[in-house]
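Bear in mind the structure is a predicted one, so any value in this text is a computation, not a measurement.
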Amino acid sequence: MPRLVLYNIGLLATPLGTAPKKGIHQKEISCVKNAWILIEDGRIVQTGTGEPPKADESMDVKGRLVTPGLVDAHTHLVFGGWRQHEMKMKLDGVPYLEILKAGGGILSTVRSTVHSSKEELKEKAAKALREMLGYGTTTAEAKSGYGLCPEEEYKQLEVVRELAKEQPVDLVSTFLGAHALPERYKENREEFVREVAEKMIPYIAENKLAEFCDVFCEKGVFTAEESRVILEAGQKYGLASKIHADEIEAIGGSVLAGEIGAVSAEHLIVCDEAGMNSMAKGGTIACLLPATSFYLGAKFAPAREMIKKGIPVALASDFNPGSCPCLNMQFVMNLGCLKYKMTPEEVLNAVTLNAAAAIHRADVTGTLEPGKYADILIWDAYDLNYIFYRLGSNLLAKVLKKGKVVIDYEKTC
Ligand code: NIG
Ligand code: FE
């Protein structure tokens with residue numbers, strides 16, 4: 001297999017290892033000047049400084065900044081339609097959960113998704129993935145949750161499975177059947193919980209349609225007890241747990257996350273002391289979604305307190321048609337610094353290694369080290385602070401996925 005060497009890397013900034021960084025280690029980044037990376041078969045063979053080794057091909061990085069590809073550990077990638085018709089309500093101050101209660105919000109996207117063919121959903125998600133890759137996302141999680149009935153949930157997960165084979169961004173699937181209570185179950189919520197736990201989860205596990213199970217644990221959506229039933233059913237069938245918790249009200253989701261050893265809890269805008277203690281004890285990663293806080297005009301999660309408590313912090317986009325129609329992880333990185341008061345080093349960990357750990361991919365991506373995929377970003381920058389300081393521009397020069405250049409902004413057209 002031909003070997004490729006990237007040389008003249010002005011600054012190689014990467015976390016190291018496969019374990020998520022927490023507490024004082026959240027800021028640990030290896031920064032090496034004048035570095036090179038040797039790649040073979042899509043993986044990193046060796047890294048070093050100074051004179052690069054001989055290889056079949058070489059690429060001059062021209063003294064610029066190189067980091068691992070970004071990992072977006074929380075997206076609702078597959079959905080039909082958009083929700084621009086809710087903009088007026090949003091501007092008039094109608095709360096997110098009120099829109100949902102009136103049959104809009106998630107339920108409106110469920111209707112558009114159910115009315116879309118698999119091909120239509122696939123085309124739309126593929127377009128989003130191309131855009132994500134263009135902003136530096138080389139691995140992404142993708143949730144279902146706009147079907148709310150067996151066939152439609154499976155349809156969304158099948159779309160993810162097909163896309164995983166057909167385009168460069170690595171995908172990790174999460175079953176989010178309990179994303180909202182379907183209108184037909186309004187008077188019979190126990191039966192829906194049972195259907196998710198006893199019918200959908202076994203089918204999804206058997207057909208390997210997802211690796212994770214998630215629930216929207218929120219006031220007026222699913223209670224902590226219902227979430228426990230669903231997540232424990234998932235665990236019984238080999239689906240690791242994630243939970244949308246404490247986004248609008250803290251009703252026990254983050255406490256539950258720690259108790260059941262959830263891999264990650266997401267949002268956590270109003271996470272309290274009890275929730276943080278439970279997550280720290282259970283080894284749960286806090287997957288924070290600052291672009292959603294920004295878009296909803298909500299508070300920002302207490303990231304600094306979480307770091308102080310020794311909870312590993314990951315940041316993700318939450319790309320979805322309602323609370324965050326944004327897939328730009330560079331914007332998420334800006335918000336991590338500006339709104340969470342995290343340092344550039346802490347944020348870099350949060351969008352690479354910790355995010356990879358939140359989707360069980362830290363063995364293959366999230367850092368630039370021998371053995372890992374050559375998922376590499378070459379930035380139009382020379383130091384780390386610059387990419388957090390600039391706002392609203394795409395600061396990438398090239399994106400490499402498994403050693404291949406998949407985006408090149410330097411090519412003139
Ligand atoms: O993570 N909060 C629940 N689910 C999504 C929003 C989905 C939607 O509004 O369509 C979220 O923010
Ligand atoms: Fe979400």
Side-chain angles (χ1 to χ4, degrees), residues 20 22 73-74 76 96-97 100 106 141 143-145 148 174-181 185 189-198 200-201 204-205 210-289 292 298-299 301-303 305-307 309-314 316 318 323 354 357-360:
K22 57 184 180 182
H74 181 140
H76 302 253
Y96 178 78
L97 287 178
L100 176 62
I106 295 171
E141 184 249 20
K143 300 177 195 293
S144 67
L148 309 185
T174 296
F175 170 54
L176 177 56
H179 194 193
L181 187 70
Y185 282 97
R189 42 191 309 127
E190 300 78 30
E191 200 179 318
F192 182 68
V193 172
R194 213 173 309 123
E195 183 172 43
V196 171
E198 294 174 16
M200 298 194 222
I201 286 175
I204 283 161
E211 287 178 50
F212 288 90
C213 182
D214 195 343
V215 177
F216 186 13
C217 179
E218 186 58 62
K219 189 168 173 220
V221 191
F222 294 99
T223 66
E225 269 325 299
E226 290 165 340
S227 304
R228 181 190 288 275
V229 170
I230 291 166
L231 294 177
E232 286 184 344
Q235 290 183 352
K236 193 170 123 204
Y237 284 91
L239 303 181
S241 305
K242 289 183 172 288
I243 183 165
H244 281 64
D246 307 349
E247 179 180 356
I248 295 154
E249 288 206 22
I251 61 158
S254 49
V255 173
L256 174 67
E259 283 173 1
I260 63 170
V263 176
S264 64
E266 340 271 310
H267 285 290
L268 303 170
I269 293 175
V270 291
C271 187
D272 58 14
E273 183 91 11
M276 284 191 237
N277 289 340
S278 178
M279 286 175 62
K281 196 161 159 219
T284 300
I285 296 172
C287 187
L288 306 183
L289 312 167
T292 308
K299 282 201 320 186
E305 278 171 62
M306 290 172 175
I307 292 172
K309 289 250 182 222
I311 301 167
V313 171
D318 193 22
S323 65
N354 284 9
I359 54 170
H360 284 170

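- The closest side-chain heavy-atom distance from M276 to P302 is below 4.5 Å.
- The CE atom of M279 lies 8.0 Å from the OG atom of S264; values are rounded to the nearest 0.5 Å.
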| query | How far apart are the C-alpha atoms of F222 and I251, what are their side-chain angles, what is the distance that settles it, and do they pass the side chain to side chain contact (heavy atoms under 4.5 Å, CB included) test? | reply | CA-CA 10 Å; F222 294 99; I251 61 158; over 6 Å; no

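- Residues V221 and L97 form a side-chain contact, since some pair of their non-hydrogen atoms from C-beta on lies under 4.5 Å apart.
- The CG atom of D272 lies 10.0 Å from the OG atom of S278; values are rounded to the nearest 0.5 Å.
- Note that OG of S323 and CG of L289 are 8.0 Å apart. Values are rounded to the nearest 0.5 Å.
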| task | Could you please spell out the steps behind the side chain to side chain contact (heavy atoms under 4.5 Å, CB included) verdict for V215 and E226? | result | CA-CA 9 Å; V215 177; E226 290 165 340; over 6 Å; no

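- The shortest distance between side-chain heavy atoms of I230 and I201 falls below 4.5 Å.
- Looking only at distances, a side-chain donor or acceptor of K242 sits under 3.5 Å from a matching main-chain atom of A358.
- Contact check for I248 versus K219: no side-chain heavy atoms found under the 4.5 Å cut-off.
- Without hydrogens or angle criteria, T284 side chain to V263 main chain gives no donor-acceptor distance under 3.5 Å.
- In this structure, the separation between CG on N354 and CD1 on I359 is 12.0 Å, given to the nearest 0.5 Å.
- In this structure, the separation between OG on S227 and CG on L256 is 6.5 Å, given to the nearest 0.5 Å.
- No donor-acceptor pair closer than 3.5 Å links the side chain of E266 to the backbone N or O of D214.
- Between E191 and R194, none of the side-chain N atoms (NZ, or NE/NH1/NH2) sits under 4.0 Å from a carboxylate O, so this pair counts as no salt bridge.
- Not one N or O on the side chain of T174 forms a donor-acceptor pair closer than 3.5 Å with the backbone of K143.
- When side chains are defined from C-beta on, Y185 counts as touching E195, because their heavy atoms get closer than 4.5 Å.
- L239 CG to E211 CD: the interatomic distance, rounded to the nearest 0.5 Å, is 9.0 Å.
- Nearest heavy-atom pair, S254 versus D246, reported as atom, atom and distance to 0.1 Å: OG-OD2, 2.5 Å.
- Contact annotation: the side chain of E273 approaches that of K309 to within less than 4.5 Å [non-hydrogen atoms, C-beta and beyond].
- For residues 225-247, every residue pair satisfying the ring-ring contact (aromatic ring centres under 6.0 Å, His included) rule, not counting sequence neighbours, is listed here: H74-H244, H76-H244, F216-H244, H244-H267.
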